[in-house]
Number of protein chains: 2
Amino acid sequence: MGGKWKGLILFALQDGPLRFGQLRRAVGTISERMLILQVRELETAGLVHREVYQQVPPKVEYSLTDFGRSLNDAMASLGDWGERNIDRIEAIPFG
Amino acid sequence: MGGKWKGLILFALQDGPLRFGQLRRAVGTISERMLILQVRELETAGLVHREVYQQVPPKVEYSLTDFGRSLNDAMASLGDWGERNIDRIEAIPFG
DNA sequence: CAGTATCCGCGATGATACTG
DNA sequence: CAGTATCATCGCGGATACTG
């Protein structure tokens, strides 16, 4: 299961639900198209919940499922490693 | 830093150094070309050490550096998560 | 055995325009 | 606001043949 944005999406949702636009800004430079595609895959995988509020203007909130939270927890040690070694990582040519 | 084989390569080297051919078989169906490309990137990143034995027939051994071992350790909890949830993961459509 | 070299398809991603 | 639709592109990775 690829997608270079999925990790960032899950990470962005850690601190609570976000609306589509908020999530887009939180992730960074992702295009609308890719955000939709990847968030839908995460929904299919049961990692993210999509809540539609039938109103105008449209409102959709994305949040982590328990399953998604468990994955994020498992990724925490990897995140810590990244922080600890950020200097070495950034020093990698081209990387 | 992409590459769908890097994780498998690091994992395969966990139990000690491997020669090129051994590593190739350990990783599975990877082509020679990709194995070289990715192992060289790992070497550049300082995660893998490449030891050349000047002899005939040629012999090259790949092993984890301390840095590589530290990354593998950090990935361990992710691996555990994968094992615990393998059923749910395999049930994902197309996944 | 351990690589190199070359060709090439295909899927992932980006850009842009449009819609309910 | 939250999508959809379409087109263009780019590079990863597979296949194959060759080399020290």
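None of these values were measured; they are calculated from a predicted model.
Considering only heavy atoms from C-beta on, Val48(B) stays 4.5 Å or farther from Thr65(B) through its side chain.
With values rounded to the nearest 0.5 angstrom, Asp73(A) atom CG is found 11.5 Å from Leu78(B) atom CG. Leu42(B) contributes atom CG, which lies 14.0 Å from atom NE2 of His49(B) (distance to the nearest 0.5 angstrom). A distance of 8.5 Å separates CG in Leu47(B) from CG in Leu64(B), rounded to the nearest 0.5 Å. Rounding to the nearest 0.5 Å places CG of Leu23(A) at 11.0 Å from CD of Glu61(A). One distance of note links CG of Leu18(A) with OH of Tyr62(A); it measures 11.0 Å at 0.5 Å rounding.
Of the possible donor and acceptor atoms, none in the side chain of Arg24(A) sits under 3.5 Å from a partner among the backbone N and O of Leu35(A). In this structure, Gln22(A) contributes its side chain and Arg19(A) its backbone to a donor-acceptor pair below 3.5 Å. With hydrogens and angles ignored, the 3.5 Å screen pairs no side-chain donor or acceptor of Asn72(A) with any backbone N or O of Gln14(A).
On the nucleic acid side, DNA chain D contacts chain B at distances under 4.0 Å to non-hydrogen atoms, with the end points of that region at dG13(D) to dG20(D).
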Take nucleotides 6-14 of chain C nucleotide by nucleotide from the 5' end and write B, S or -, depending on whether a protein heavy atom sits under 4.0 Å from the base, only from the sugar-phosphate, or from neither. B------BB

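Every residue meeting the ring-ring contact (aromatic ring centres under 6.0 Å, His included) condition with Phe67(B), not counting sequence neighbours, appears here in chain and number order: Trp81(A).
Toward the 5' end of DNA chain C, the nearer of the two residues Pro58(A) and Glu32(A), judged by each one's closest nucleotide, is Glu32(A).
Evaluation of the side chain to side chain donor-acceptor pair (under 3.5 Å) test over residues 28-48 of chain A, restricted to residues two or more places apart or in two chains, returns Lys6(A)-Glu41(A).
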Start with the C-alpha distance between Val60(B) and Arg50(B), add both sets of side-chain angles, then the distance that settles side chain to side chain contact (heavy atoms under 4.5 Å, CB included), and finish with yes or no. CA-CA 7 Å; Val60(B) 179; Arg50(B) 180 167 174 270; 3.8 Å; yes

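Residue Tyr53(A) is classed as having no contact, given no heavy-atom separation below 4.0 Å to the nucleic acid.
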Starting at the 5' end of DNA chain C, what dot-bracket string do you get if Watson-Crick and G-U pairs under 3.5 Å are bracketed, crossing pairs use [ ], other-strand pairs use | and unpaired bases use dots? ||||||||||||||||||||

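Interface residues of residues 8-26 of chain A facing DNA chain D, ordered by number: Arg19(A), Phe20(A), Gly21(A); criterion, heavy-atom separation under 4.0 Å.
The 12-atom threshold is not exceeded at CZ of Phe11(B), counting heavy atoms of other residues, nucleotides or ligands nearer than 6.0 Å.
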